[in-house]
Q: 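Handing you this structure, nothing more for now.
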Amino acid sequence: MNSLNSETIGRISEIRKNSFTIRYEGKDFPGKLKGSFYEESADKLPVVGDYVKFIYNPLGESMIKEVCERKSFLQRPDQAKTAVMQYMAANVDYLFIVTSLNEDYSCNRIARYVSIAIQGGAIPIVILTKSDLCSNPGRYVREVEQISDKVCVHTISAIYGIGLEELQEYMTPGTTICLMGSSGAGKSTLINSIIGEEIMKTSGIREDDDKGRHTTTYRKLIELSGGVTIIDTPGMREVGMANVQDGIDETFSDIVELESECRFSNCRHDTEPGCAIKAAIASGKLSVERYELYKNLGRENTNNHAMKKEISKWAKAYKKNNKRKMEL
Ligand SMILES: Nc1nc2c(ncn2[C@@H]2O[C@H](COP(=O)(O)OP(=O)(O)OP(=O)(O)O)[C@@H](O)[C@H]2O)c(=O)[nH]1
Ligand SMILES: [Mg+2]
């Protein structure tokens, strides 16, 4: 470690409440934010995976001075707090979207994660886990492949070590992989299998509905010996759509292209002649379900955007009103 007061670049490996952990040369150091961070908007604060400039303090918390430019940034709306985004991880190359082949499986949810990955600048990789419990994984693979041509999909069983060799192609030195998915999907079990060691705690799922027990409670960055970094995350209950229209459009880019081929630029794909969407559905090139999925995700994104704008308008008006009252 460099001497006191010299600036060094480390990586945020854990955040719990307001306490930050900085990884530097394989060791973890406690960190705190420089005061000016508190005047910044939430997206400027460090998240797990961020590279940060910090000043080492051998006696206590090191001072985080600056977040380095991000290569990618994964975010979603915080379901518990209306109109607030949750910033999840930065500098992720591959987002492993982990879904188990039981009640957890949902094509709609996978499409949401794919949009979030693409929006944030990470490559989406769908990992269908627990293949040992499923008699026809091929059916699910085909379904996932149909969501988007931007998606790669792998079927694995972490506990029997099946399919893990396929994931090696992503494990190149310098790569960061983040795992996301529902609680109980098997994210931590997969990490343990890749590493060959019980580094993360795992626990059984509820038998009645296949849901997990929220075993992992905070995001954690793990460095593997081959120069690969893995980020484990807590299971998510919902994946809302907000600030993600570009990601949705890119996921369903073939539909966006079709829409541009309609005879009328304001075509509602209803009764208008020369509608490319209707023609694609009629010819079997596009399924109604997939088109509906695209529209629904976009609608949710627009509604959340409108709500956020409305709330920020109220907040501004409230602040202005309060200021006036105080001046009187
Ligand atoms: N049969 C089978 N069970 C698995 C597999 N992978 C994980 N499990 C089991 O699924 C349960 C949940 O696994 P975890 O790894 O804790 O799930 P998680 O996604 O990390 O869950 P959270 O930390 O709560 O988000 C455990 O009982 C695992 O043993 C698999 O490939 N096959
Ligand atoms: Mg876990």
Side-chain angles (χ1 to χ4, degrees), residues 13-16 21 47-49 74-76 78-80 86-89 92 94-107 109-110 112-114 116-117 122 124-141 144 153-168 170-171 176-224 228-240:
S13 59
E14 255 178 60
I15 302 173
R16 291 206 238 175
T21 305
V47 296
V48 170
L74 301 176
Q75 47 180 292
R76 64 160 184 164
D78 188 333
Q79 299 301 131
Q86 187 185 62
Y87 303 101
M88 300 185 286
V92 170
Y94 296 108
L95 177 66
F96 278 14
I97 301 163
V98 182
T99 304
S100 49
L101 287 165
N102 55 16
E103 287 287 307
D104 177 51
Y105 175 85
S106 154
C107 208
R109 184 162 4 91
I110 293 171
R112 289 165 181 265
Y113 277 115
V114 171
I116 283 177
I125 310 290
V126 177
I127 313 282
L128 300 175
T129 61
K130 309 193 188 181
S131 62
D132 55 290
L133 300 178
C134 178
S135 57
N136 56 346
R139 192 205 114 194
Y140 296 96
V141 171
V144 172
V153 51
H154 301 276
T155 310
I156 62 138
S157 166
I159 56 170
Y160 289 101
I162 302 166
L164 298 184
E165 66 290 345
E166 285 181 25
L167 307 183
Q168 281 308 318
Y170 307 111
M171 310 271 170
T176 299
I177 298 169
C178 179
L179 281 78
M180 288 187 191
S182 313
S183 176
K187 301 178 290 300
S188 304
T189 310
L190 174 56
I191 292 175
N192 291 342
S193 300
I194 291 171
I195 299 174
E197 209 184 307
E198 288 287 307
I199 188 161
M200 294 303 299
K201 209 172 133 212
T202 64
S203 72
I205 54 171
R206 301 192 309 221
E207 283 188 4
D208 48 346
D209 60 3
D210 285 346
K211 287 201 164 57
R213 297 165 199 273
H214 293 278
T215 312
T216 307
T217 51
Y218 54 90
R219 300 179 196 110
K220 187 177 171 70
L221 184 143
I222 304 150
E223 281 174 323
L224 310 192
V228 176
T229 302
I230 296 194
I231 300 175
D232 195 6
T233 65
M236 291 186 204
R237 286 193 184 83
E238 280 176 75
V239 193

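Computation of the quantities below employed the complete heavy-atom set of this structure, encompassing side-chain atoms and omitting hydrogens, waters and symmetry-equivalent molecules. All residue numbers in this chain count up from 1 along the given sequence. Both ligands and their constituent atoms are indexed starting at 1 by order of listing.
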Q: Quick test: of every protein heavy atom, which one is nearest to atom 17 (O) of ligand 1, and how far off is it to 0.1 Å?
A: Gly186 N, 3.2 Å
Q: How long is the straight-line distance from CZ of Arg109 back to OG1 of Thr99, given to the nearest 0.5 Å?
A: 6.0 Å
Q: Who's the nearest protein heavy-atom neighbour of atom 13 (O) of ligand 1, and how far?
A: Thr189 OG1, 3.3 Å
Q: Could you tell me whether the side chain of Asp78 and the main chain of Gln86 form a donor-acceptor pair under 3.5 Å?
A: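 Not confirmed, Asp78 side chain does not pair with Gln86 backbone.
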Q: Thr202 to ligand 1: N or O pair under 3.5 Å?
A: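 Not met; the criterion fails.
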Q: Any non-hydrogen side-chain atom of Arg219 less than 4.5 Å from a side-chain atom of Met88?
A: yes
Q: Rounded at 0.5 Å granularity, tell me how far OG in Ser100 sits from CD1 in Ile127.
A: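 Going from the OG atom of Ser100 to the CD1 atom of Ile127 covers 13.0 Å.
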Q: If the test is side-chain contact (heavy atoms from CB on, under 4.5 Å), which one of Leu179, Leu224, Val98, Thr202 qualifies with Ile191?
A: Leu179
Q: Short N/O distance, under 3.5 Å, between Ala158 and ligand 1?
A: yes
Q: How long is the span from the OH atom in Tyr105 to the NZ atom in Lys130, to the nearest 0.5 Å?
A: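 Here the interatomic distance stands at 16.0 Å.
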Q: How far does CZ of Arg112 sit from CD1 of Ile97, to the nearest 0.5 angstrom?
A: 13.0 Å
Q: Is it the case that the side chain of Ser182 and the backbone of Ala185 share a donor-acceptor pair, with hydrogens and angles ignored and the cut-off at 3.5 Å?
A: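 Such a contact is absent between Ser182 side chain and Ala185 backbone.
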Q: Using a 4.0 Å cutoff against the non-hydrogen atoms of Ala185, which atoms of ligand 1 qualify?
A: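 Counting from 1, the qualifying ligand atoms are 17 (O), 19 (O).
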Q: So do Ile177 and Thr229 actually touch side chain to side chain, heavy atoms under 4.5 Å?
A: no
Q: Going by chain and residue number, what protein N/O/S atoms come nearer than 2.8 Å to the Mg ion (ligand 2)?
A: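 Listed by chain and number, the nearby protein N, O or S atoms are Ser188 OG, Thr216 OG1.
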Q: Tell me every residue that passes side chain to side chain contact (heavy atoms under 4.5 Å, CB included) with Arg237, counting only those two or more places apart in sequence or in another chain.
A: His214
Q: Just let me know how Ser182 lines up against ligand 1, side chain, backbone, both or neither, with a heavy-atom cut-off below 4.0 Å.
A: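 The backbone, only.
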Q: Please write down residue, atom name and distance for the protein heavy atom closest to atom 2 (C) of ligand 1.
A: Ile159 CD1, 3.4 Å
Q: In Å, rounded to the nearest 0.5 Å, how long is the span from CG of Asp232 to CD of Glu14?
A: 11.0 Å
Q: Is there a side-chain contact between Met236 and Tyr113 (heavy atoms, below 4.5 Å)?
A: yes
Q: For ligand 1, which atoms, with element, lie under 4.0 Å from some heavy atom of His214?
A: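 Those atoms are 24 (O).
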Q: Among protein heavy atoms, which lies nearest atom 11 (C) of ligand 1, and at what distance?
A: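 In this structure, atom 11 (C) of ligand 1 has Ser203 O, 3.3 Å as its nearest protein heavy atom.
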Q: Under 4.0 Å from any heavy atom of Thr215, which atoms of ligand 1 are there?
A: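 By the 4.0 Å cutoff, the relevant atoms are 22 (P), 23 (O), 24 (O).
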Q: So, is Gly235 polar-close to ligand 1, with some N/O to N/O distance under 3.5 Å?
A: yes
Q: Applying a heavy-atom cut-off of 4.0 Å, say which part of Thr129 lies close to ligand 1: side chain, backbone, both or neither.
A: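 Thr129 to ligand 1: no contact under 4.0 Å from either part.
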Q: Starting from atom 21 (O) of ligand 1, which protein heavy atom do you reach first, and at what distance in Å?
A: Gly184 N, 2.9 Å
Q: So which heavy atom in the protein is nearest atom 1 (N) of ligand 1, and how far is it from that ligand atom?
A: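 Scanning the protein heavy atoms, the shortest distance from atom 1 (N) of ligand 1 goes to Asp132 OD2, 2.8 Å.
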Q: Answer yes if the side chains of Thr21 and Arg16 hold a donor-acceptor pair under 3.5 Å, and no otherwise.
A: no
Q: Give the residue and atom name of whichever protein heavy atom lies nearest to atom 24 (O) of ligand 1, and the separation in Å to one decimal.
A: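 Minimum-distance protein heavy atom for atom 24 (O) of ligand 1 reads Ser183 OG, 2.6 Å.
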Q: Which of the numbered atoms in ligand 1 are under 4.0 angstrom from any heavy atom belonging to Ser188?
A: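 Atoms satisfying the 4.0 Å criterion: 15 (O), 20 (O).
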Q: Find all atoms of ligand 1 within a distance of less than 4.0 Å from any non-hydrogen atom belonging to Gly204, and give their numbers and elements.
A: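 Going through ligand 1 atom by atom, the ones under 4.0 Å from Gly204 are 27 (O).
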Q: Looking at ligand 1, does any of its N/O atoms fall within less than 3.5 Å of an N/O of Thr216?
A: yes
Q: Considering only protein heavy atoms, which is closest to atom 8 (N) of ligand 1, and at what distance to one decimal place?
A: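 That would be Lys130 CE, 3.6 Å.
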Q: Checking Leu164 now: which residues fulfil side chain to side chain contact (heavy atoms under 4.5 Å, CB included) with it, not counting sequence neighbours?
A: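 By the side chain to side chain contact (heavy atoms under 4.5 Å, CB included) rule, Leu164 matches Ile156, Leu167, Leu190, Ser193.
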Q: Quick one: does ligand 1 sit under 4.0 Å from the side chain of Leu133, the backbone, both or neither, non-hydrogen atoms only?
A: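 It is the side chain that gets close, since no backbone atom is under 4.0 Å.
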Q: Exactly one of Ser183, Ser203, Ser188 should register a side chain to side chain donor-acceptor pair (under 3.5 Å) with Thr216. Which one does?
A: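 In the set Ser183, Ser203, Ser188, the residue that makes a side chain to side chain donor-acceptor pair (under 3.5 Å) with Thr216 is Ser188.
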Q: Taking only residues two or more places apart in sequence or in another chain, which ones pass side chain to side chain donor-acceptor pair (under 3.5 Å) with Glu166?
A: His154
